[in-house]
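First up is the structure itself, then whatever we jot down about it.
Sequence lines set the chain letters: A, B, ... in the order given, protein chains first and strands last, and positions in each chain run from 1. None of the values given here were measured: they were computed from a predicted structure.
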Amino acid sequence: MRLARCQQRDTIMELPKKKYTTEERAALTKKLDDELEQFMEEMAARKAEKSEPKKPFDFDEWCKEIDQHPAFMTELKSTDGKYHDTIEALQAMKYNKEDDEDLQMNAEHHKNEGNKHFKFKKYRWAIDAYTNGLKEKCADKKLNAILHFNCAAAHKHIGNLRSAIKSCSMGRKFDPTNLKGVVRGAECLLELEYGRDALEWIETSKKMFAFVKETSEDSDLNEDEKKFIEKMEELRKKAVELSLLEERNLRKSKVEERKDIESKRKLLDALKSRNLNLSPRLPFDYPELMDNSRLTVSLSFMKKHEIVQFDDENNLIWPILLQYPEVGQIDVLTETCEKTTVGELLQAVLDSPAEWDKEHVYKFENVRFFIADQYDEYLMEVYEWNDFGSVLSTPGYQIKQGLPVIMIFTHDKIKKSLIASEEYENRFTVV
Amino acid sequence: MSEDDKSFQELVQFLAPTSPLQLRRGALEIVTGISAALDGSAGQFFQKSDFALGKAICELCEATASDRTQTFTALTNFASGSIESAEYVLKQSKCVEIAYTSMVANAVYSSVASRLLANISRHFPDRIDEKLKLRNVEYLSILLGQIKNSIDGGDEDRAKFTGFIIVNLTVLQPIRRNILDSQKSTLSLICDILATAKTPEIRECAADILRNLAFDDDVHPILLDQSDEYLCAILAPLMDLNDNLDDDEMSKLPIRLQYYDKERERSEIVRQKLVEALFQLCATKHGREHLRQKGVYPAMRELDKSGEAQNAGPDSKKARTLLSSQEEHTLHALIGILIRYEDEMDVDPSLATIRHLGQA
């Protein structure tokens with residue numbers, strides 16, 4: 001074609017040039033205009049002769065036409081087993097035999113390109129190339145399988161093990177006899193430590209391979225296949241070990257969960273039997289709903305979180321907060337057995353003065369002990385012979401956030417600021 | 001001819017396959033009644049007049065399938081108390097073969113057939129083995145497969161007695177060897193039956209077979225190999241989810257038994273057999289070392305403790321004790337071995353098995 005056009009140009013070049021005068025040029029222009037005018041008129045006349053009445057714009061008709069256009073149609077309708085012309089044209093483009101060969105060639109080309117990238121360790125480019133090959137959707141199952149499996153290999157190299165497994169699974173659907181790819185899938189699963197999944201993959205792969213092999217003409221195993229089957233057996237053993245480990249870990253976590261619930265049940269039962277008033281409230285009958293944070297004491301100056309627990313004799317051991325309201329100081333005792341009496345414990349605590357108590361005002365003989373009621377409306381005195389167990393279950397007293405509070409007042413302060421209730425026994429209000 | 005003899009002759013005649021059905025069934029009822037006697041009279045009756053009755057029953061069994069429930073029942077009873085009757089059935093009739101075939105074919109009378117084989121195999125395990133081998137070399141796996149199928153199909157009654165045949169056969173050393181030589185698939189099947197059967201009798205049989213296997217010292221290395229299949233099978237039923245093992249003890253156990261989450265075997269007969277199996281494994285150095293290495297002691301300690309706990313409980317009665325005195329005796333002997341080191345055993349290290357101790 002190109003050659004022919006050149007010859008034509010040559011011919012034009014060879015025409016002798018005629019020189020026009022202005023008049024001649026004007027005459028020629030007029031002539032050309034007239035001819036065009038005449039042509040237009042003739043065409044209009046011709047059209048007028050066979051003129052059809054102009055159709056008014058019909059929206060429904062227009063919708064139908066649009067619906068039949070492949071770009072807009074929402075469903076594939078056929079009349080008398082034939083599709084609309086435009087669809088048939090598309091089908092021809094897609095499924096034409098010649099095109100099929102093209103697709104296969106393209107896919108092959110993408111595969112080779114991918115392999116080239118793979119060789120140079122450009123794994124992402126390789127994945128793109130293989131994916132493009134798959135987009136060709138050629139009819140060759142083995143080629144598609146190879147594209148998927150190669151894609152998996154590239155994914156595996158860059159650590160995308162889950163994507164690799166997905167690709168292997170697609171590849172196996174196309175060609176279960178591609179054992180190299182199947183083995184790759186098992187390796188990825190094992191690398192992710194999915195023992196049971198790996199075992200299932202290997203078992204199903206074996207079955208699929210055996211089925212295809214039995215039904216194919218050549219049912220003998222070749223050397224490569226034997227090698228991969230051996231490799232698969234090795235992987236199967238690993239998968240069995242791993243799945244046993246998985247099951248063990250599952251049992252272990254169940255045992256731990258069970259033990260946790262048991263210990264919570266024990267603690268809840270103990271708290272319930274002691275008739276304690278706790279805030280926040282605890283799900284006494286549903287240990288599985290128990291959240292230890294409801295009892296955990298975490299104060300900024302404490303080294304670790306404290307929570308009520310059992311000693312060896314099944315007594316409760318509490319963390320206890322001592323308040324000195326007059327001086328705005330506190331002490332925290334982390335392990336106080338419920339059997340210990342107030343006197344026993346506090347005598348030891350108050351024996352030596354605190355840093356802030358330079359004059360040792362807070363001597364045991366100098367103080368009395370109180371607990372506040374649930375709504376902080378009044379105080380109740382506790383005595384040195386009371387044990388903590390009975391103090392904590394005093395009616396009206398509430399343990400907030402797992403930390404019982406005991407207030408220590410000096411005799412002076414009591415005289416000045418505490419007024420005993422006339423109505424109730426052992427109730428004091430602060431002035 | 002006395003009146004009794006005459007009646008006897010008539011009874012035998014009525015058992016002929018050609019006699020009318022009503023008559024035959026009536027005669028079979030009488031025969032079954034006679035066969036159930038436990039005072040030894042059944043065997044004498046069977047042998048009377050040169051095995052006339054035995055011959056008639058066997059012939060009827062061979063001739064008609066419709067009478068087999070009755071004929072097999074009668075033969076089972078006769079064979080249970082009388083070795084002569086058992087031998088006659090085995091030697092002079094095809095009843096053993098018929099019984100085997102009907103079991104494999106799962107006939108309606110397969111359960112009765114298995115009882116007959118169980119009784120005869122108790123007297124003559126070797127000859128039953130020979131006969132069944134002629135039918136099918138793989139008969140042992142087939143019978144075990146039958147049990148497994150009955151478990152899977154939820155119809156364990158059908159195969160309740162099949163296990164007894166195999167237990168009787170495993171008295172023979174070649175058969176025990178055969179079980180281990182069949183690429184372990186037969187052993188796996190037995191282990192699986194022990195773990196899954198709901199009927200205690202079937203579990204007892206599986207435990208019996210596994211225990212019998214432990215009697216051969218030379219197979220201890222095969223039984224106690226790295227797969228731990230056999231060890232797990234006999235140890236698992238002795239363990240319980242509430243066993244108090246610390247993490248160190250847990251990590252020594254075979255991985256399948258770590259953090260075991262099932263309850264202990266309820267049948268004390270099964271437990272006794274399994275403890276015996278472990279005890280048998282202690283006969284060889286390999287066995288002892290393997291059991292120590294796999295942390296069997298803590299599991300046995302917990303089994304022992306569970307017995308004490310049950311005994312000490314406020315509502316414990318003798319009938320409800322977890323461990324039988326026999327089991328406790330064997331268990332303590334086993335623990336006695338497991339808690340010691342090999343060099344404390346006072347056994348010549350060159351001695352392959354302590355069974356030879358007495359012969360030295």
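In this structure, Y286(A) places its OH atom where only 12 or fewer heavy-atom neighbours from other residues, nucleotides or ligands lie under 6.0 Å away. The neighbour count for Q226(B) CD, taken as heavy atoms of other residues, nucleotides or ligands under 6.0 Å away, does not exceed 12. Atom NZ of K180(A) has 12 or fewer neighbouring heavy atoms from other residues, nucleotides or ligands inside a 6.0 Å radius. Taking a 6.0 Å sphere around NZ of K238(A), one finds it holds 12 or fewer heavy atoms contributed by other residues, nucleotides or ligands. Counting non-hydrogen atoms of neighbouring residues, nucleotides and ligands closer than 6.0 angstrom, the CZ atom of R162(A) reaches no more than 12 such neighbours.
Proximity to chain A is limited to the backbone of L257(B), based on heavy atoms less than 4.5 angstrom apart. Interface remark: L245(A) contributes backbone and side-chain atoms alike to the contact with chain B (heavy atom separation under 4.5 Å).
The CZ atom of R251(A) sits 10.0 Å away from the OH atom of Y259(B) when rounded to the nearest 0.5 Å. One finds the CG atom of N242(B) at 8.0 Å from the CD atom of E262(A) (value rounded to the nearest 0.5 Å).
Nearest heavy-atom pair, R248(A) versus I255(B), reported as atom, atom and distance to 0.1 Å: CG-O, 3.6 Å.
Contact check for D261(B) versus R258(A): no side-chain heavy atoms found under the 4.5 Å cut-off.
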